[in-house]
Amino acid sequence: MNSIEMLNSILEQQRAQLDLILVEQKKIRKDVTTRNWEDLEAHIVTLNYLSQQFSVLEEQRTEAYAEAKKDANGKDVLLGNPLFHMVHQKLAASRVENDALNNYISVTRNFLQSIFDNVIPQRRNTLYSNKGNLVHSKPESLVLNTLS
C-alpha cells in the first residue's frame, strides 16, 4: 500500500470514528438534559475510549501525511481530498456539540449558584482570592428531600 492509499485508509477510519463520537456526544447531551446520571457515566466512558482511539489515528495520520507529502514532492496531498474535508466537517460538528453542552452546563451552574447565594444561609461576608478576584461562597453541605 502506498503512502497516499495509507493516508486515505486512516482518514476513512477517522471518519468512522467521528461518526461514533458524534453519536456518543448526542447521548451525553440527552443524558445531561434529562438528568440520567447512570447512563451519562457509561456514555462518558465510551466517549473517552473513542477519543483515545481517535488520538491514535491522528498520530498515524500525521505520520502518513508526512510520508505522502514526501512522495508527492512537497505537494499538499490533503488539499483536494474529499475524505479530509469530511473529517474536518465532522470535527467541526463535534466542536459545536461540545460547545452546546458546555454552554448548557455553564448556564445551569450559574443559575444554581444564584439560587444557592440567595436561598441557602452561608457566610455573607465578601471573600476575595489571593489574586483579588471575588470568590462566591459555596454551600458546605446541602440535603434535599426529594420524596413527595
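In what follows, every heavy atom counts, from backbone to side chain, and hydrogens, waters and symmetry copies are set aside.
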A.B. asks: Kindly give the heavy-atom pair with the smallest separation between Asn36 and Asp39, and that separation in Å.
C.D. replies: ND2-OD2, 2.8 Å
A.B. asks: Crowded around Met86 CE? As in, over 12 foreign heavy atoms under 6.0 Å?
C.D. replies: yes
A.B. asks: Are Ile10 and Tyr65 grouped together when hydrophobic residues (ILVMFWY) are joined by side-chain heavy atoms under 4.5 angstrom apart?
C.D. replies: no
A.B. asks: Check whether Thr46 reaches the backbone of Ala42 with its side chain - one donor and one acceptor, N or O, closer than 3.5 Å.
C.D. replies: yes
A.B. asks: Rounded to the nearest 0.5 Å, what separates atom CD in Gln13 from atom CD in Gln53?
C.D. replies: 10.0 Å
A.B. asks: Could you pull out the closest heavy-atom pair between Leu22 and Ala93, with the gap in Å?
C.D. replies: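 Result for this residue pair: CD2-C, 3.9 Å.
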A.B. asks: Step by step, work out the salt bridge (charged side-chain N to carboxylate O under 4.0 Å, His left out) result for Asp99 and Arg95.
C.D. replies: CA-CA 6 Å; Asp99 289 345; Arg95 188 175 310 126; over 6 Å; no
A.B. asks: Before you tell me yes or no, could you show the steps for Phe111 and Ile115 under side chain to side chain contact (heavy atoms under 4.5 Å, CB included), namely the whole-Å CA-CA distance, both residues' side-chain angles and the distance that decides it to 0.1 Å?
C.D. replies: CA-CA 6 Å; Phe111 173 72; Ile115 289 174; 3.3 Å; yes
A.B. asks: Please round to the nearest 0.5 Å and tell me the distance separating atom CD of Gln25 and atom CG of Leu101.
C.D. replies: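 Result: 8.5 Å between the selected atoms.
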A.B. asks: Find out if a path of hydrophobic residues (ILVMFWY) with successive side-chain heavy-atom gaps under 4.5 Å connects Leu57 to Leu83.
C.D. replies: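 The answer is no; the residues belong to distinct hydrophobic clusters.
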A.B. asks: Step by step, would you call Thr62 with Glu58 a side chain to side chain contact (heavy atoms under 4.5 Å, CB included)?
C.D. replies: CA-CA 6 Å; Thr62 303; Glu58 184 61 18; 4.1 Å; yes
A.B. asks: Going by heavy atoms in the side chains, are His88 and Leu78 under 4.5 Å from each other?
C.D. replies: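 Not touching, per the 4.5 Å side-chain cut-off.
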A.B. asks: Any side-chain heavy atom of Leu20 within less than 4.5 Å of one from Tyr49?
C.D. replies: no
A.B. asks: How far does CD of Glu97 sit from CG of Asn102, to the nearest 0.5 angstrom?
C.D. replies: 10.5 Å
A.B. asks: For the residue pair Asp19 and Lys90, what are the closest heavy atoms and their distance?
C.D. replies: OD1-NZ, 2.7 Å
A.B. asks: Nearest 0.5 angstrom please: Lys26 NZ to Ser94 OG, how far?
C.D. replies: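 With rounding to 0.5 Å, NZ (Lys26) is 9.5 Å from OG (Ser94).
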A.B. asks: Check whether more than 12 heavy atoms from other residues, nucleotides or ligands sit under 6.0 Å from atom CD of Glu41, and answer yes or no.
C.D. replies: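 No, CD of Glu41 has 12 or fewer neighbouring heavy atoms, counting only those of other groups under 6.0 Å.
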A.B. asks: The test is side chain to side chain contact (heavy atoms under 4.5 Å, CB included); show your working for Gln60 and Val56 and say whether it passes.
C.D. replies: CA-CA 6 Å; Gln60 292 173 358; Val56 170; 3.8 Å; yes
A.B. asks: Tell me whether Tyr104 shares a hydrophobic cluster with Ile28, the cluster being built from Ile, Leu, Val, Met, Phe, Trp, Tyr side chains joined at under 4.5 Å.
C.D. replies: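 In one cluster with Tyr104: Ile28, yes.
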A.B. asks: Answer with yes or no whether the hydrophobic clustering places Trp37 together with Ile44; edges join I, L, V, M, F, W, Y residues whose side-chain heavy atoms lie under 4.5 Å apart.
C.D. replies: yes
A.B. asks: Backbone N or O of Glu38 within a donor-acceptor pair of the His43 side chain at under 3.5 Å?
C.D. replies: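 No, because the side chain of His43 does not come within donor-acceptor range (under 3.5 Å) of the backbone of Glu38.
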A.B. asks: Could you grab the distance from atom CD of Gln14 to atom CG of Leu7, nearest 0.5 Å is fine?
C.D. replies: 9.0 Å
A.B. asks: With a 4.5 Å cut-off on side-chain heavy atoms, are Lys27 and Val23 touching?
C.D. replies: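 Yes, their side chains come closer than 4.5 Å.
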A.B. asks: Please round to the nearest 0.5 Å and tell me the distance separating atom CG of Asn98 and atom CG of Leu47.
C.D. replies: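 So the gap between those two atoms works out to 7.5 Å.
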A.B. asks: Check Val87 against Leu18 and note the closest heavy-atom contact, atom names and distance.
C.D. replies: O-CD1, 3.6 Å
A.B. asks: For Arg29, is the CZ atom crowded, meaning more than 12 foreign heavy atoms sit under 6.0 Å from it?
C.D. replies: no
A.B. asks: Compare all side-chain heavy atoms of Asn8 with those of Glu12 and state whether any distance is below 4.5 angstrom.
C.D. replies: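 Heavy-atom side-chain distance check fails, nothing below 4.5 Å.
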A.B. asks: Which heavy-atom pair separates Ser3 from Asp71 by the least distance, and what is that distance?
C.D. replies: OG-OD2, 2.5 Å
A.B. asks: Quick one: closest heavy-atom pair of Ala68 and Ile4, and the distance?
C.D. replies: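 Taking Ala68 first and Ile4 second, the nearest heavy atoms are CB-CG1, 4.0 Å.
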